[in-house]
Amino acid sequence: MEGDIIMNNDLKRSIILDNYQFPSNRKIPNDDSYIKINTNNESCIDNIDLYVKVENDIIKDINFEGEACAISISTTSIMTKLLIGKSIKEALNIIRNYQNMIEEKDYDANILKEAIVYNETYKQPSRIKCATLTWNGMEKLLKDKFLN
Ligand code: ZN
């Protein structure tokens, strides 16, 4: 689509494949300061636990583990890299822009970085849940635990 950062399909595929085969932050944390939320998608195999560590309003770390498809694993890997180090408000803004992109609304491609590889997910409606599962879970966790 015009206006989007130029990224050809080969590059998109290689970023998705790389984050699926070698995901970042895919592990179960070994301390209990993380908040956990389960996300699962009945229309696919996706069943991912997210673990989030927040200190002084900053996301210090995110880990995840579970069984899921390539779209779901890769986008979760990319999400962790984007959100670690951000404030709760910054993280929620990034998540909203990602959701807007998936829903074909206006979004800021610059803050989504690698995550724009999913900008044509709307062409495969069956994959929309896979692409948004953990982003929606992260949004719910942050809103439930840190906004009131
Ligand atoms: Zn899936």
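Just follow the structure's listing: the first ligand is 1, and inside any ligand the first atom is 1. The basis for the numbers below is simple: all heavy atoms, side chains too, and nothing from hydrogens, waters or symmetry mates.
Comment: Glu65 engages Arg26 in a salt bridge, judged by a side-chain N to carboxylate O separation of less than 4.0 angstrom.
Side-chain contact, Asn47 with Asn38: a donor N or O sits under 3.5 Å from an acceptor N or O.
Residue pairs that meet the ring pair (Phe, Tyr, Trp, His ring centres under 6.0 Å) test with at least one member in residues 78-99, sequence neighbours left out, are Tyr98-Trp135.
One hydrophobic cluster, built from ILVMFWY side chains closer than 4.5 Å, holds both Ile73 and Ile95.
Residues meeting the ring pair (Phe, Tyr, Trp, His ring centres under 6.0 Å) test with Tyr118, sequence neighbours left out: none. Scanning for side-chain contact (heavy atoms from CB on, under 4.5 Å) contacts around Lys123 gives Glu120, with sequence neighbours left out.
Of all protein N/O/S atoms, those lying under 2.8 Å from the Zn ion (ligand 1) come to 5.
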